[in-house]
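Numbering starts at 1 and runs along the sequence shown. Whatever order the structure lists them in is the order used to number ligands and atoms, beginning at 1.
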Amino acid sequence: MELVEAIKTRRSIRRFRDTPVHREVLEEILELARWAPSNYNMQGWYFVVVQGEKKDQVVQAMARHAPSWLGNVKNLFPEKMVGLMQHFFATMGGAPVMIFVYTDKTREQLSYMPLEMDPGYPSACAALQNLLLAAHARELGACWVQACCIIEEEISQILGVEGKMMVAGVPLGYPDQSPPVPPRKGDKVRWIGF
Ligand SMILES: Cc1cc2nc3c(=O)[nH]c(=O)nc-3n(C[C@H](O)[C@H](O)[C@H](O)COP(=O)(O)O)c2cc1C
């Protein structure tokens with residue numbers, strides 16, 4: 001898929017077919033994720049790819065906690081949308097696979113950098129965007145779900161991950177929807193000296 005087309009046609013997918021995704025395809029996507037730029041080329045990202053029983057346990061944990069998070073957003077969105085969010089959080093759209101993106105906690109190694117944010121975090125975000133585009137180029141759908149971090153401790157325990165910081169969960173599979181294109185907002189660029 002041509003790059004410009006891939007960037008413009010990628011959508012967040014929240015409903016998946018139950019068709020399995022072959023491991024070789026996942027390996028290709030993860031290979032492309034790791035070509036992202038990274039802070040000092042430290043490549044402080046880490047991916048956990050999960051399917052089967054452990055994935056189901058993660059989704060069950062999301063389902064258990066969803067009603068309490070959504071209590072906080074009920075006043076912000078229309079009721080129908082809250083219902084859709086609730087369903088998605090409780091099912092992860094039926095995705096056959098989930099990829100959890102973590103970052104190494106690099107702050108200690110880069111302690112001379114006076115940054116609030118751990119330097120590994122934006123690098124992992126760059127890898128995550130690569131991953132979403134690579135998945136789309138293989139006709140897979142995916143969604144960046146930061147909400148998974150709300151129960152980071154519980155999910156990391158299920159996955160057996162220690163000493164890393166979760167960036168997002170990514171449900172992934174063949175899409176069972178073609179969502180409308182959310183319009184892009186203007187007035188985001190300030191030109192200086194042109
Ligand atoms: C940092 C970040 C966090 C996000 N977290 C969630 C989330 O928790 N749940 C969700 O359904 N979508 C989440 N999304 C997806 C956005 O809702 C989506 O990208 C946005 O609505 C634009 O739609 P598009 O991706 O189809 O262009 C997240 C996206 C980003 C970049």
- request: Check the pair S156, K164 against side-chain contact (heavy atoms from CB on, under 4.5 Å), reporting the backbone distance first and the verdict last.
  value: CA-CA 9 Å; S156 295; K164 310 236 182 261; over 6 Å; no

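Pairing each heavy atom of P171 with each of A95, the nearest pair is CB-CB, 3.6 Å. Considering all non-hydrogen atoms of both residues, L172 and I99 come closest at CD1-CD1, 4.2 Å. M165 approaches Y121 most closely through the heavy-atom pair SD-CD1, 3.8 Å. Here the closest heavy-atom approach between residue L159 and residue V58 is recorded as CD2-CG2, 4.1 Å.
Here atom 16 (C) of ligand 1 lies nearest to R14 when heavy atoms of Q129, R14, Q146 are compared.
Near F88, meaning under 4.0 Å from one of its heavy atoms, ligand 1 places the atoms 11 (O). Below 4.0 Å from some heavy atom of R184 lie the following atoms of ligand 1, by number and element: 27 (O). Near A147, meaning under 4.0 Å from one of its heavy atoms, ligand 1 places the atoms 8 (O). Of all atoms in ligand 1, listed by their number and element, those nearer than 4.0 Å to a heavy atom of C143 are 12 (N).
Between Y102 and F100, the ring-plane angle classifies as tilted under the 30° and 60° cut-offs.
Between M92 and ligand 1 there is no heavy-atom distance shorter than 4.0 Å.
In this structure, atom 20 (C) of ligand 1 has its sub-4.0 angstrom surroundings free of protein heavy atoms.
Close N/O approach between P182 and ligand 1 is not found [any backbone or side-chain N/O within under 3.5 Å].
Using a 4.0 Å cut-off between heavy atoms, M85 makes no contact with ligand 1 at all.
Both W144 and Y174 are assigned to one and the same hydrophobic cluster, defined by single-linkage of ILVMFWY side chains at heavy-atom distances under 4.5 Å.
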